[in-house]
Each structure stands twice: as C-alpha cells, then as structure tokens.
2 protein chains.
Amino acid sequence: MDPSKQSYLTKKVISIGVVSELTGLSERQIRYYEERKLIFPKRTDRGTRKYSFSDVEILVEIANKMEDGIQTTELRREMNKHKDREKENNIKKSMIRGQMNAHFNRKNKPL
Amino acid sequence: MDPSKQSYLTKKVISIGVVSELTGLSERQIRYYEERKLIFPKRTDRGTRKYSFSDVEILVEIANKMEDGIQTTELRREMNKHKDREKENNIKKSMIRGQMNAHFNRKNKPL
DNA sequence: CGTGTAAGGAATTCTGACACG
DNA sequence: CGTGTAAGGAATTCTGACACG
C-alpha cells in the first residue's frame, strides 16, 4: 500500500533494450506482443517506448506461455479474463466500502 | 525483505534522460554529481549510464541540499558518515547473530 | 565551484517492409 | 503466425573542452 513502492513497480521508465536484456526476448518480439495487445508501454514525446517492472513481469509470463505453444490470441483472451475478475473484485470492494460507510455514517455522523 | 521488491528499488535500468525528467536535474548536473562521487550509476557494455529508483531518490536529496547552498564536498562527507553508521550497525547485527547462534548451538546442538 | 553549451561520434530506437512458413 | 533482418532517419548518450564567475 506504500504509494512509493507501488510506483517503482508501475512507473514506466525502462527502454526496450533493457527490457530485452531483462526478459531474454528480442526487441522484435516485444514490439510484436504490443501489436497483439498483450503489453502497453508508455511513449515518450518522441515515440520511444517505456516499460515498468510490472510490464517486464508480464513479458516473462508471456514468454513462458509462448514456449508452451499458446497463441497470442489465446493469451489476450486469458488476460481479459484476469482483468474482468479484477473489475469484479473492485466492484465488490466498493460495494463493501459503501456498506461500511453507510454503517458508520448512521452511527457516527447522524447529521 | 521481499527480494523482488528490493530489486525494483536497486536494479539499475533507468537511462539519464529519464532520470533527468524524474528529478528535474539537468544531465550535466547528474553527471557532475557522479564526478563528485555522490552517485554511482552502472554502465552498460557501451558506456551508457543506468540508474536505479534508489539512485533517483538520492539525487532528489542531493538537489535539495544543493539548493540549501551545501557544497558537493560536504555532501560527500555526509554520505560517508551515513555509510559508516550502516557499517557499524552491520557489525553489531552480526555480533548479535553470533551470540544468538552460540546460545542456540549450546542448547540445541550439543555436539 | 557548479553548470551551460557546441562538437563529433557512437549506439539506440522507430517504422514499414520483405522473408520464411 | 511469429520472428529475423536490412534500411534510413531521428533522438540519445558520451567525452573533453571552453565559458562564466
């Protein structure tokens, strides 16, 4: 929950050459996975891609799946499932939060 | 203590241009602070500097001190003090560890 | 002392395309 | 489908130096 720790994970600051070294993937592969909507680097003013450590982790997972012979289309479906599940969870969380607020507002702020 | 979290902080993957944006310092300033032994980027095979998030934090602190009119020489002394204090602590820690080991070895492994 | 800048070279990254399969 | 590669251009980074103060 430390916001600074979070930003180290998600801040997009790594260029494609370093990502290539970190993941063992070629730059061609990394760009291709972006084309297939599996990864979403930020772009600087003049168009160079910047990745986060989180992106690097995703790429390592992609590399593993690809080795297993899974196609990029299937991978995209899988990732969307994960995303949907997260959305679900966020909805549940905000509902719970709403209940909590309602509860405490009734007891503590009976304005 | 999570080693992966640690590596996000200390892994040297950020190029000087991004560090410049992140800190608000010019590339000239960043290189100069290296010349004055205040910061220690890694070098890639062909000599380009790579910084960690930890380095970025240090640079921000340096920037603040410089605004206060402190000279780089003083800053280096300060940093060495910190380093010495850390060394002290590490010595103490390993001594305590040694005592602990001795203690438990006596009780549990009376070989 | 700390920082700006112009200089020239080397390395990086980008895109669109052709290739193989 | 996934990836390699050559092509040409644009942007990045590097070092050593001169400048101001």
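Every heavy atom of this structure was used, including side-chain atoms; hydrogens, water molecules and symmetry mates were not.
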Report summary line: Smallest heavy-atom separation, Leu25(B) atom then Ser20(B) atom, equals O-OG, 2.6 Å
Report task. Measure from the side-chain heavy atoms of Arg43(B) and tell me the nearest of dT15(D), dT15(C), dG4(D). Result -> dT15(D)
Query raised in the report: Looking at Glu74(A) and Lys65(A), does any basic side-chain N land under 4.0 Å from a carboxylate oxygen?
Result: no
Query raised in the report: Ser26(B) near the nucleic acid: base, sugar-phosphate alone, or nothing, with a heavy-atom cut-off under 4.0 Å?
Result: sugar-phosphate
Requested in this report: Measure from CD1 on Ile14(A) to P on dT12(D) and round the result to the nearest Å.
Outcome: 18 Å
Query raised in the report: Considering only heavy atoms from C-beta outward, does the side chain of Ile70(B) approach that of Glu78(B) to under 4.5 Å?
Result: yes
Query raised in the report: Of the nucleotides dT13(D), dG2(C), dG2(D), which has the atom closest to the Arg36(A) side chain?
Result: dG2(D)
Requested in this report: Report the residue (Val18(B) or Thr72(A)) whose heavy-atom-nearest nucleotide on DNA chain D is the more 5′ of the two.
Outcome: Thr72(A)
Query raised in the report: Taking the side chain of Thr48(B) as its heavy atoms from C-beta onward, which of dC14(D), dT15(C), dT3(C) lies nearest to it?
Result: dC14(D)
Report task. Look at Arg46(B) and dT13(D) and indicate whether a side-chain polar atom (N or O) is within less than 4.0 Å of OP1 or OP2. Result -> no
Query raised in the report: Does dG2(D) have OP1 or OP2 sitting under 4.0 Å from an N or O in the side chain of Tyr32(A)?
Result: yes
Query - Proximal nucleotide (of dC14(C), dG2(C), dT13(D)) relative to the Met66(B) side chain - result: dG2(C)
Query raised in the report: Are any of Tyr33(B)'s side-chain N or O atoms less than 4.0 Å away from OP1 or OP2 of dT3(C)?
Result: yes
Query raised in the report: Just checking Thr44(A): base, sugar-phosphate only, or nothing, at a heavy-atom cut-off of under 4.0 Å?
Result: nothing
**Report entry** Phe40(A) to Lys12(A) - nearest heavy-atom pair and separation
**Finding:** O-NZ, 2.8 Å
Report summary line: Separation of dT13(C) atom C1' from Ile30(A) atom CD1, nearest Å, is 12 Å
Query raised in the report: Rounded to the Å, how far apart are Leu38(B) CG and dG2(C) P?
Result: 9 Å
Query raised in the report: Could you write out DNA chain C as a dot-bracket string, with dots for unpaired bases, | for bases paired across to another strand, and Watson-Crick or G-U pairs counted at under 3.5 Å?
Result: .||||.||.|.|.||.||||.
Requested in this report: Would you kindly give the CD-to-C1' distance between Glu34(B) and dG2(C), to the nearest whole Å?
Outcome: 16 Å
Report summary line: Note: Lys37(B) and Arg76(B) closest approach over all heavy atoms is CB-CD, 3.6 Å
Query - Side chain of Arg49(A) (C-beta onward), nearest among dG4(C), dT15(C), dT5(D) - result: dT15(C)
Report summary line: Testing dG2(D), dG4(C), dT13(D) for proximity to the side chain of Arg31(B), the answer is dT13(D)
Requested in this report: Would you mind checking if Glu21(B) and Lys42(A) are paired as a salt bridge, meaning a charged N to carboxylate O distance below 4.0 Å?
Outcome: no
Requested in this report: Measure distances between side-chain N and O atoms of Arg28(A) and base N and O atoms of dT5(D), and say whether any donor-acceptor pair falls under 3.5 Å.
Outcome: yes
**Report entry** Student check: side-chain heavy atoms of Arg49(A) and Val19(A) closer than 4.5 Å
**Finding:** no
Report task. May I ask you to evaluate whether Ser15(B) reaches the phosphate of dT12(C), defined as a side-chain N or O under 4.0 Å from OP1 or OP2? Result -> no
Report summary line: Taking every heavy atom of Thr72(A) against every heavy atom of Leu38(A), the minimum-distance pair comes out as O-CD2, 3.9 Å
